[in-house]
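Here the structure is laid out as structure tokens; the discussion comes afterwards.
So that the names make sense, note that chain A is the first sequence line, chain B the second, and so on, each numbered from 1.
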Amino acid sequence: MRWSRYPINTVKETPSEAEVISHQLMLRAGLIRRLAAGIYTWTPLGLRSLRKVETIIREEMDRAGALEVLMPAVQPAELWQESGRWEQYGPELLRLKDRHQRDFVIGPTHEEVITDLARRELKSYRQLPVNFYQIQVKFRDEIRPRFGVMRGREFLMKDAYSFHASQESLQQGYDIMREAYMRMFKRMGLEFRPVKADTGSIGGTASEEFQVLADSGEDAIAVSDGADQYAANLELAPALPPSTPRAAALEPLAKIATPGCRTIEQLCTFMGVPATKTLKLLMVDGSEGGVVAIVLRGDHELNAIKAQKLPGVATPLRMAAREAVVAATGCEPGYLGPIGLRCPVFADHAALTLADFICGANELDQHYRGVNWQRDLPEPTAVDVRNVVPGDPSPGGAGRLGIRRGIEVGHIFQLGRKYSEAMQASVLDEAGKPVTMYMGCYGIGVTRIVAAAIEQNHDAAGILWPEPLAPFDVVLVPLNAGKSPRVQAMAESLYEQLVARGVEVLLDDRDARPGVKFADAELIGIPHRLVISDRGIDSGNLEYRHRRAADNEAWPIAEVIERLLERRAAGQRGAS
RNA sequence: CGGGAUGUAGCUCAGCCUGGUAGAGCACUACGUUCGGGACGUAGGAGUCGGAGGUUCAAAUCCUCUCAUCCCGACCA
């Protein structure tokens, strides 16, 4: 491709709307252009990388025996009513009416459509197992789209759905997909971890996410440093009950005035104690009205997923309204404590191991100190409702947990029979009896992968594409070709030879100054760069530089093609 | 949805407080000089100042409404 014939519009200034580095670089390098909030056009350059991601996914899905289909983006409401998600799904589901006033949705996912297809097409256990996949546009009307294509509303997704006659077969299909995912993300050159995950609104049982590790990631993940290799989404990671017994009560119970100490931080500053000696009490809505109290150690955070699974707690989790708190305790938030509460109370394990602790007195500007379980108040039910913190023991049994940030690029689920039951998708077994199929579901955020790759691979000058995802393999940079016929001729010759060898080459034939060409080539992140100049030709060498290298290499002109092919092959194998 | 902020040329922004002929840099076009790390000069094209209404002799500027975009938002007991 000739640069002069290819619309690559780079910009020096960072567009003000971009917050994270991948979004900034994608705009500056001209990979995407925003059309509306969370909705982007992919330019020719950006699309080349997006297609590379797609190709790797397609190859690995095919290798794993999955069959590609293409389902409609617009789906009739009837299917969603049948599965029950017409009511369940919130405003994130974009609904619309056609000219006959019939309800439709723009698909945020395709369980309903695929299950409908499966129940029509699959009649016999002999046709199972089978796995259908597609790479297709989805629309989710996110509350707050941000970070460019990282959390867009419209995005490209690979979704796959497998159908099985038994749980064992589902497990096998799931394992095959897990392997395929490991291969894909490795081929893309990404640093990632599979982590245990919550199944969320999709439902089902076993589930893992594939997280690309990056500080700007929206998800927190708990990773063990031990031999157990444990990794889980923070939402899901269990906090093990402490093994140390509770210390003996030493201090007497005393009520103290704590004016203006509404937060743990204020309380600790006022009292001169660490947050680990305090208790906090959170009020959440109960499932049948009323409120439920949850007690945590002062420095711990509530885990919403764990909390909403407690008996009597409303799903989804909602913090209790101020009025409800006052009605239940006679006190407003800021001074709540577990002593003398009438509502149901749960306490986190860590909160229950405290002795001589400080907690609210359920009176304005008053706290208790020297509080002890059993002696001063009954022990509530012990539960795990907090987020794990760095240093907690790994649930895997070896090592301690650390917290890292990740970008979720893939998610695999064993759905079981949730949709097949609701939509009556069954096949006949050996005995001629209908059996409801087991389903698995496997997603990949294709668009997001491009952003994640940049988030993980960039420097001050621009993008450092993992080679398998780069829009071009090589950029040829002739200097002063307008004045030097031999530079021009050599650049053309190299271009033709490389193209003939199947290399994706970008020839910078613009009449621009060298600095402009170098800066652009680095910004758009082409892995291999070859500079053609009079100076080089005189010395019998051309200048080669890898995008990740700090220095140039001088390559004899006669060897340039072969050496470049070698480097490219090495890079594609992931040896960059 | 609640709170905050911002809408002026393709991009980054100034001008608004204190009303009076719409600006700069980047980008773009032409010409000339320049040519190994985002050159310089000259000339030029480009904006219904988000939209509607109002106040005023006069509105980018003041007022009201509206739309869009961005940021923050259980974690507090």
[N] phosphate, OP1 or OP2: any side-chain N/O from [X] under 4.0 angstrom?
X         : N       : answer
Arg33(A)  : rG10(B) : no
Arg262(A) : rC76(B) : no
Ser16(A)  : rC13(B) : yes

Considering every strand shown, what is the Watson-Crick or G-U wobble mate of [N] when both distances are under 3.5 Å?
N       : result
rU29(B) : rA43(B)
rU64(B) : rA52(B)
rU34(B) : none
rG23(B) : rC13(B)
rG73(B) : rC1(B)

Could one point to a donor on the side chain of [X] or the base of [N] with an acceptor on the other under 3.5 Å away?
X         : N       : answer
Arg529(A) : rG37(B) : yes
Arg34(A)  : rU69(B) : no
Asn9(A)   : rG10(B) : no

Looking only at atom P, what distance separates rU6(B) and rC16(B), rounded to whole Å?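 My reading of the P atoms in rU6(B) and rC16(B) gives 14 Å.
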
What integer number of Å spans the P atoms of rA24(B) and rG41(B)? 14 Å

Do Trp465(A) and Glu467(A) have side-chain atoms, one donor and one acceptor, less than 3.5 Å apart? no

Among Glu19(A), Glu17(A), Glu218(A), find the one that has a salt bridge (Lys or Arg N to Asp or Glu O under 4.0 Å) with Arg146(A). Glu218(A)

Just call it for Arg535(A): base, sugar-phosphate, or nothing, with non-hydrogen atoms closer than 4.0 Å on any strand. base

Under 4.0 Å between a side-chain nitrogen and a carboxylate oxygen: does that hold for Asp534(A) and Lys483(A)?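 A salt bridge is absent here (no side-chain N lies under 4.0 Å from a carboxylate O).
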
Salt bridge Asp384(A)-Lys306(A), side-chain N to carboxylate O under 4.0 Å: yes

Walk me through it: do Phe472(A) and Tyr6(A) pass the test ring pair (Phe, Tyr, Trp, His ring centres under 6.0 Å)? CA-CA 12 Å; Phe472(A) 291 94; Tyr6(A) 203 73; 5.7 Å; yes

Nucleotide nearest Arg144(A) (side chain, heavy atoms from C-beta), chosen from rA77(B), rG73(B), rG37(B): rG73(B)

